[in-house]
Structure formats: C-alpha cells, structure tokens
Number of protein chains: 2
Amino acid sequence: MARKQGSHADITGPKVRQAALRLFARHGFAAVSMRQIAAEVGVQAGALYLYTADKQTLLFELMRDHLEELLEDWQAPDADPVDQLESFVRHHIRFHLDRPELVFIAYMELRNLTPGNFAIIEGLRRDYEDRLEAVLKAGQASGRFAVPDTKLATMALIAMLTGVTTWYREGGRLDRAAVEAAYWDMVRKAVGT
Amino acid sequence: MARKQGSHADITGPKVRQAALRLFARHGFAAVSMRQIAAEVGVQAGALYLYTADKQTLLFELMRDHLEELLEDWQAPDADPVDQLESFVRHHIRFHLDRPELVFIAYMELRNLTPGNFAIIEGLRRDYEDRLEAVLKAGQASGRFAVPDTKLATMALIAMLTGVTTWYREGGRLDRAAVEAAYWDMVRKAVGT
DNA sequence: GGTTGAATTGAACGCGCGTTCAGATAACCT
DNA sequence: AGGTTATCTGAACGCGCGTTCAATTCAACC
C-alpha cells in the first residue's frame, strides 16, 4: 500500500518528528526504538528512512530546530536592562511552558548526541546564555543590578526558570500569569533591583 | 577462577555499584549494558547477578541511597529562618558538588524506574522539597521573607541550586567557597531578606 | 590434604535492535 | 489506458541485549 490519499510525504514527515518527540521525551532516546516510532506513525520501520537519515539525526534535528526557534523568538528589546530582563524572563517561561517535551529532550539527551552534533547544540545553547549574560552585564555596568558574578548568575537564573517545566501543570493551583509574575519577582530581587 | 585474594564479595559489590554509577551518568541507563558494567568491574556479566537482582534494581538502589543520604545529612538547625536557609543553601551546593554523577542520575533517570520504584524515589524527593518549604514558610510567617509563593519558591530555588552541577568545574575560575557565597547572595535576595 | 562452599566463568536462551532494499501499490500525468 | 514515480511494505542482515545456570576454580577450614 502506498499513496492512499493525496501526498503523504507532507503528512508523514511531521508525524515522524512528532512521534519521535513524544516518545523520546517520555522514555528517553536510547529506550525508544525505530519500530515504536513507526508504530506511532502507523507505518513500518523502513518507511521512517524516507524522512530521516537515521535515529541520531532525528534527535539532533529536534534539538537544533528547538534551539534555533528559541534564539529567533527573542531579541533583547531596545530598553533599559531591567525591562530587558523582565522580557527575557517572561519569554523564557512562556516559550518553555509551551514546549515541555522539547525542553526536556534538549536538556536530557545531550549525551546521546554524536560529538559533532553535540558541539553544534552546545554552541546554540551558549548563544542563548550569552544573550542573558549580555543583559546582566549591561545592568551591572549601569549600576541597576548587583549580581555576584554575571556568568554564574546567568547559569543560576536559566536553571531556575527552566525548572518551571518540571512542576507546572496546566489547570493547577497557579495559572501561567501568576507563575510568570512570581518568577519575575524572584529574579528581579535576586539581581538586586 | 574464583577467590583469588581474600573475600571478593566485599570488593566486587561496591565496584559494581561504582561502575554502574559512572556509566549510567555518562551514557544513560538505557544506553548502558550489563556487559559494559561487568567489563568495567573486570568480571563476566553473569557475576553481576550475585550483587544485584537485576539492572533496574541497580539503578533504583543508587538513587534511593543517594536521596536517603541527602535527607540524613541535613537537618534544619535550631535557628531563625534566615540562618536555616543559608545552612540549606550551602549544604545543598556542597553535597551536590561532591556527587555530580549521583545528582545527574537522580534527576535524569526517573523515567527509567518502574512505577513502584518511581513512587518511592519521588516520595524521598518530596521529603527534601518539604524541608526547604518548611523553612520558607517559617520565614514568611515571621515576616523575614517575602516570596510570592512558598511552593513555587521551593521549586525555583532547588532548580537554581542543583543547576550548579551543570557548569561548575573543579579548578575553574570560581572556587567552591565563591560559588557557595554567590548562590547564597542570590537566594537571600530572591526571598527578600 | 581432602572437603567445602563462595565466587566466577562461559555458554546459552529468545528477543528486539538499526538499517537496507527489492518489490508492491496507488495516485498522478499524458 | 498506460507509464511514471512517490510512498510504503515486509523480510532480511548481523548483532547485542538481560538473564539464567551448570560447571569450574580456589581460598579457607578441618
């Protein structure tokens, strides 16, 4: 059987990535087989290789696309460092709460990347960290912030904010606006502003 | 060959756990085989089953022992909430920097636990979170702290502090004392004290 | 020095893995 | 209607997996 209705490639391709995303996030890259992904898509395992070179590439492209979208989606606004920081915090929380599975994979499956792919992903991640550090440095220089060390503060704040995905549940005690506000309150104080 | 020198059980047992710890942390539970662990110990795969019921139990006991040690190692001092919080922060950083591999496993391999084992580990983790939240609640009640939400603040602070293991390297730009001090400074400010 | 038993080997079990590829199928084009 | 081509199947490849267990080895004991 093939070509049952319209062009299947435009449908199956995204389905493969979506199934891989779901399964990798739930069970981990190494614990998921190509046959499981194929079953989720509704296809035999061999057909997956029309849409990805191999399993490793499937993982790598999920992570790369995620980080590239993250980088595209936020630019520091032309404002003072405090407003820039608030913008960063609110965007980070929104973006991450919208993509819990991608966030999970991008942080957990680094060690399953080949060295070459790892270097690329790590570079993208560092670009993102540098964006935040630039804001902190600007604020520190202008005397608006008082952080003990901008690099350490960058890592500390990103870890704190990203952690929201580990506990936040839709429909829980706090809604997104409350979560955003609470994190921003803590970040604001932590940097001494 | 057997019993080459003294009692081997006392030596091989810990070696098995150590090898599993190292390999699970480096490559992930699902990506490590019993044969790899055995090779690291210097033994055939079958011999591992003298020291563990199965691979799952090996993972579970590493995580359980780690969390139980964490819980045993810190009790809130009889002091005001600010000092309790400082004690918690400094202990958390020290304890985690001393055991980066266990920390990594305990946070990353949760999804590879069977449901029963997962429930036990999650219970231990919640006990630890409750310790911090109790401090925050006490500080909030006495007016020393001003956090937006004690549960959210608990999760935010633990995520921030645990993140230290992802970037800290021995012999790097900052030593442990500086790291401890910097995190405490940010935590102190974040809770509004 | 013979016996015991803890410690380990090494082979075996059935199974699923990632990946390849020749062949089948069905939608499209002329 | 017939040919073309994108899409997918299904079988096959060699390999390593977690786990079991009879047989073996050798330090310790009598």
Side-chain angles (χ1 to χ4, degrees), chain A residues 1-24 26-62 105 109 111-117, chain B residues 1-24 26-62 105 109 111-117:
Chain A
M1 283 163 275
R3 234 18 130 99
K4 289 197 203 93
Q5 46 195 3
S7 175
H8 258 186
D10 296 346
I11 295 171
T12 310
K15 263 184 156 181
V16 169
R17 287 185 283 279
Q18 207 175 25
L21 168 62
R22 228 182 61 85
L23 290 170
F24 289 167
R26 181 118 42 184
H27 307 293
F29 174 76
V32 172
S33 73
M34 293 300 270
R35 284 171 178 83
Q36 281 176 267
I37 297 171
E40 180 112 344
V41 174
V43 113
Q44 293 300 314
L48 297 180
Y49 291 85
L50 293 165
Y51 304 99
T52 186
D54 50 31
K55 196 187 174 195
Q56 163 73 204
T57 302
L58 203 43
L59 173 65
F60 169 66
E61 291 183 346
L62 282 173
I105 288 175
E109 304 294 355
R111 60 192 167 177
N112 286 306
L113 293 171
T114 58
N117 287 342
Chain B
M1 280 164 277
R3 236 10 134 98
K4 289 195 201 93
Q5 46 196 2
S7 174
H8 259 186
D10 296 345
I11 295 172
T12 309
K15 264 183 155 182
V16 169
R17 286 185 284 279
Q18 207 176 23
L21 168 62
R22 227 181 61 86
L23 290 170
F24 288 166
R26 180 118 42 184
H27 307 292
F29 174 76
V32 171
S33 72
M34 293 300 268
R35 284 170 178 85
Q36 281 176 267
I37 297 171
E40 179 111 344
V41 174
V43 113
Q44 293 299 314
L48 297 180
Y49 291 85
L50 292 165
Y51 304 100
T52 186
D54 49 31
K55 195 188 174 193
Q56 164 74 203
T57 302
L58 203 43
L59 172 63
F60 168 66
E61 291 182 346
L62 282 173
I105 289 174
E109 304 294 354
R111 60 192 166 177
N112 287 305
L113 292 172
T114 59
N117 286 342

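No hydrogens, no waters, no symmetry mates; every other heavy atom, side chains included, goes into these values.
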Starting at the 5' end of DNA chain C, which residue's closest nucleotide do you reach first, A53(A) or S33(A)? S33(A)

Distance, rounded to the nearest Å, where I37(B) contributes CD1 and dG18(D) contributes C1': 11 Å

Counting side-chain heavy atoms from CB outward, which of dT19(D), dC8(D), dT19(C) is closest to Y49(A)? dT19(C)

Integer-rounded Å distance: dC17(D) P and F29(B) CZ: 13 Å

Can any side-chain N or O of Q56(B) pair as donor or acceptor with the backbone N or O of T114(B) at less than 3.5 Å? yes

Measure the distance from CG on L48(A) to P on dC21(C) and round it to the nearest whole Å. 16 Å

Counting only heavy atoms not in E40(A), do more than 12 sit closer than 6.0 Å to its CD atom? yes

How long is the line joining CD of Q36(B) and C1' of dG18(D), in whole Å? 13 Å

Would you say dT8(C) has OP1 or OP2 under 4.0 Å from some side-chain N or O of Y51(B)? yes

dC17(C), dC8(D), dT19(D): which one has an atom nearest the side-chain heavy atoms of A45(B)? dT19(D)

Looking only at dC17(D), dC8(D), dG18(D), the nucleotide nearest the T12(A) side chain is dC8(D)

Rounding to a whole Å, what distance do you find between I11(B):CD1 and dA6(C):C1'? 14 Å

Which nucleotide, dC8(D), dC17(C), dT9(C), lies nearest any side-chain atom of Q44(B)? dT9(C)

Any base atoms under 4.0 Å from V32(B), or only sugar-phosphate, or nothing? Heavy atoms, all strands. sugar-phosphate

Could you go step by step and tell me if K55(B) and E109(B) meet the salt bridge (Lys or Arg N to Asp or Glu O under 4.0 Å) rule? CA-CA 13 Å; K55(B) 195 188 174 193; E109(B) 304 294 354; over 6 Å; no

With a sphere of 6.0 Å drawn around CD of E61(A), does it hold more than 12 non-hydrogen atoms of other residues, nucleotides or ligands? yes

Per side-chain contact (heavy atoms from CB on, under 4.5 Å), I37(B) is matched among V32(B), T52(B), V43(B) by V32(B)

Round to a whole Å and report the spacing from CG of L50(A) to P of dA22(C). 14 Å

To the nearest angstrom, how far is L58(B) atom CG from dT19(D) atom C1'? 14 Å

Which listed nucleotide (dT19(C), dT19(D), dT8(C)) is nearest to the side chain of D54(A)? dT19(C)

Value in whole Å for how far the C1' atom of dC15(C) lies from CZ of R35(A): 11 Å

Of the candidates dC17(C), dT8(C), dC8(D), the side chain of A47(A) sits closest to dC8(D)

